[in-house]
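So the structure is just underneath, and the comments pick up after that.
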Amino acid sequence: MAASGTELIEIKGLHKSFGDNHVLRDIDFAVGEGEVVCLIGPSGSGKSTLLRCVNLLERPDGGAVIVRGENLADPDCHLDAARRHVGMVFQQFNLFPHLSVLENCTVAQKTVLGRKTAEADRIARANLERVGLTEKAAAYPAQISGGQQQRVAIARALSMDPMLMLFDEPTSALDPELVGDVLTVMRDLAEEGMTMLVVTHEMAFAREVADRVVFMDGGVVVEQGTPDNVIGNPRHERTRAFLRRVLDPTHALPA
Amino acid sequence: MSSATVIEERTALSPRRKARRNRILQYVVIAMLAVGAAASADWGQIAHVFLEPQLIRSAFADGLLSALVKTLEYTAGAFLIGLVAGTVLALMRLSPIGPYRWFAMAYIEFFRGLPAVIVFIAFSLLPLAFGGLIIPFDPYGVVWLALGIVAAAYMAETIRAGIQAVPRGQVEAARSLGMPAGLAMRKIVLPQAFRIILPPLTNELVLLVKDSSLVFIIGVSATGNELTGFGRELANTQSNLTPLVTAGLCYLIITLPLGFLARRLESSSVKAR
Ligand SMILES: Nc1ncnc2c1ncn2[C@@H]1O[C@H](COP(=O)(O)OP(=O)(O)OP(=O)(O)O)[C@@H](O)[C@H]1O
Ligand SMILES: [Mg+2]
């Protein structure tokens with residue numbers, strides 16, 4: 001299967017079950033180079049699972065996950081090599097607590113990419129500057145706030161020079177006043193042309209930054225399109241019901 | 001049932017007073033027992049048998065300190081072997097490859113189920129079974145091996161628990177940065193696992209210090225004597241327990257601070273969470 005040129009990710013006929021729980025049912029979708037795609041949908045709809053299938057943290061039961069022309073779902077694929085080009089940011093940050101902020105950003109550069117310490121440090125510091133945390137380079141994760149930790153996690157991923165960034169609800173574990181800093185970093189990243197696939201409940205962010213919004217429910221893609229269409233003028237009742245709940249939680253009727 | 005009886009019951013003794021009365025009673029009984037024991041003991045004889053100053057001095061002259069150093073050397077080497085072999089066993093125990101897992105499980109259950117004394121006796125008889133067998137670094141080699149083989153079984157379980165206590169997200173983060181499984185284990189999981197198990201590992205070190213006393217079963221020469229062997233030999237020749245008591249105190253000098261350290265580490269790691 002060849003890549004169609006500008007598509008960075010192509011997902012074809014993707015299936016995933018956990019036991020009897022059929023979580024992803026025949027997903028087809030693609031992300032083009034430089035595109036910012038936001039994935040929205042109710043809890044349990046399979047957003048995280050889909051995202052985790054893109055770098056094979058979850059092994060699909062069927063279908064193809066083609067990243068830069070390489071099918072990662074192929075058992076003979078060089079997964080570790082492929083993952084170097086795909087950055088991932090987790091809801092719970094998952095910084096390495098035994099390493100300093102700087103070391104968090106250099107450990108994979110040195111061990112995976114074989115960069116020398118001086119070069120790895122330089123690149124790590126440049127990326128820490130991008131997320132506004134140069135002064136925290138020597139701190140340990142436990143010593144900085146959640147918002148700062150998440151920005152370090154972004155810098156850690158960027159230090160590997162990824163072609164593509166995956167975000168799984170990067171602001172859901174944050175105190176409300178810390179959400180803005182992380183979203184600002186992500187917006188800057190999008191403006192620099194990074195290809196991003198973002199699972200999020202931040203509708204304002206999706207509306208403003210996304211090129212395309214994909215609404216998932218029950219393991220299928222229900223609808224997708226520009227933010228104005230999907231969020232502003234949804235065609236499907238399921239999308240409307242979901243948006244009502246998210247945008248106006250206190251007044252939504254019980255589902 | 002009238003309210004008067006209730007009041008009456010209440011005025012008798014409040015629960016707090018009752019508890020205090022019980023406590024005082026127990027202190028009185030304990031004090032009486034202690035005084036009775038002290039009065040009936042022959043202190044002169046006790047001091048002579050257990051803590052004869054003259055013999056304490058001669059214990060130092062006869063090499064108490066070198067025995068102490070031997071104990072430390074035996075323990076340190078065995079701990080190192082136990083740590084390395086225990087880590088390997090823990091990784092085998094968690095391996096997706098069946099035979100590794102089975103071997104590790106069998107090893108761990110075998111050596112944890114056996115009295116350490118039996119392992120030591122077996123080691124003392126090894127030269128009989130294998131004529132030409134020479135274990136290097138005599139006498140250290142045998143001692144380290146015998147102690148380390150048993151220690152590895154215990155440490156393997158501790159280390160496995162530590163590895164499993166590292167959150168899954170850590171491995172996922174490492175793998176998503178392109179680290180292969182082995183590298184993620186070495187750079188990310190193991191350092192955190194050892195931090196988690198530092199308190200139980202310290203406790204295992206204490207056990208090992210004491211188990212090093214089993215060395216006398218292997219039958220090392222007098223120059224290889226650690227604290228217990230040293231104290232026992234001297235106590236036999238002098239028909240007095242003082243050397244043994246002195247050796248015992250030396251153990252406490254090692255083990256009490258370690259135990260204290262373990263408890264400190266434990267409470268600080270609880271706080272960190
Ligand atoms: N490792 C797993 N083992 C078993 N079931 C799982 C596992 N991961 C996810 N699931 C199940 O798959 C379904 C989809 O989960 P997923 O995390 O993808 O949903 P989500 O859309 O990300 O939801 P949320 O918004 O709550 O994060 C859920 O029913 C969940 O219970
Ligand atoms: Mg999720």
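Residue numbers start from 1 in every chain, and the chains themselves are labelled A, B, ... in the order their sequence lines are given, proteins ahead of strands. It should be emphasised that the depicted structure is a prediction, and the values quoted were computed from it without experimental measurement.
Enclosure of atom CZ in A:R187 by more than 12 non-hydrogen atoms of other residues, nucleotides or ligands within 6.0 angstrom is indicated. Atom CZ of A:F29 has more than 12 heavy atoms from other residues, nucleotides or ligands within 6.0 Å. Heavy-atom neighbours of A:Q143 CD from other residues, nucleotides or ligands within 6.0 Å: above the threshold of 12. Residue B:R101 places its CZ atom among more than 12 non-hydrogen atoms of other residues, nucleotides or ligands, all under 6.0 Å distant. Taking a 6.0 Å sphere around NZ of A:K16, one finds it holds more than 12 heavy atoms contributed by other residues, nucleotides or ligands.
Contacts from residues 162-173 of chain A to chain B, taken as heavy-atom pairs separated by less than 4.5 Å, involve no residues at all. Residues of residues 96-113 of chain A placed with any heavy atom under 4.5 Å of a heavy atom in chain B are listed by number as A:F96, A:P97, A:H98, A:L99, A:V107, A:A108, A:T111, A:V112.
A distance of 5.0 Å separates CG of A:D80 from CZ of B:R175, quoted to the nearest 0.5 Å.
When each of B:A181, B:P180, B:A184, B:P167 is checked for heavy-atom pairs under 4.5 Å with chain A, B:P180 comes out on top. Interface summary for chain B: among A:R52, A:M88, A:R83, the most heavy-atom pairs under 4.5 angstrom belong to A:R83.
Checked against side-chain hydrogen bond (donor to acceptor under 3.5 Å, both in side chains), A:E192 has the following partners two or more places apart in sequence or in another chain: A:R130. Not counting sequence neighbours, A:Q92 has no partner by the side-chain hydrogen bond (donor to acceptor under 3.5 Å, both in side chains) test.
A donor-acceptor pair is defined here as one N or O able to donate and one able to accept, closer than 3.5 Å; no such pair exists between the side chain of B:E172 and the backbone of A:N94.
Within the 4.5 angstrom heavy-atom criterion, atoms from both the backbone and the side chain of B:A174 approach chain A. For B:L177, the parts sitting under 4.5 Å from any heavy atom of chain A are the backbone and the side chain alike. Neither the backbone nor the side chain of A:L79 has a heavy atom closer than 4.5 Å to any heavy atom of chain B.
When all heavy atoms are compared, the tightest approach of A:F90 to B:A173 is CE1-CA, 3.7 Å.
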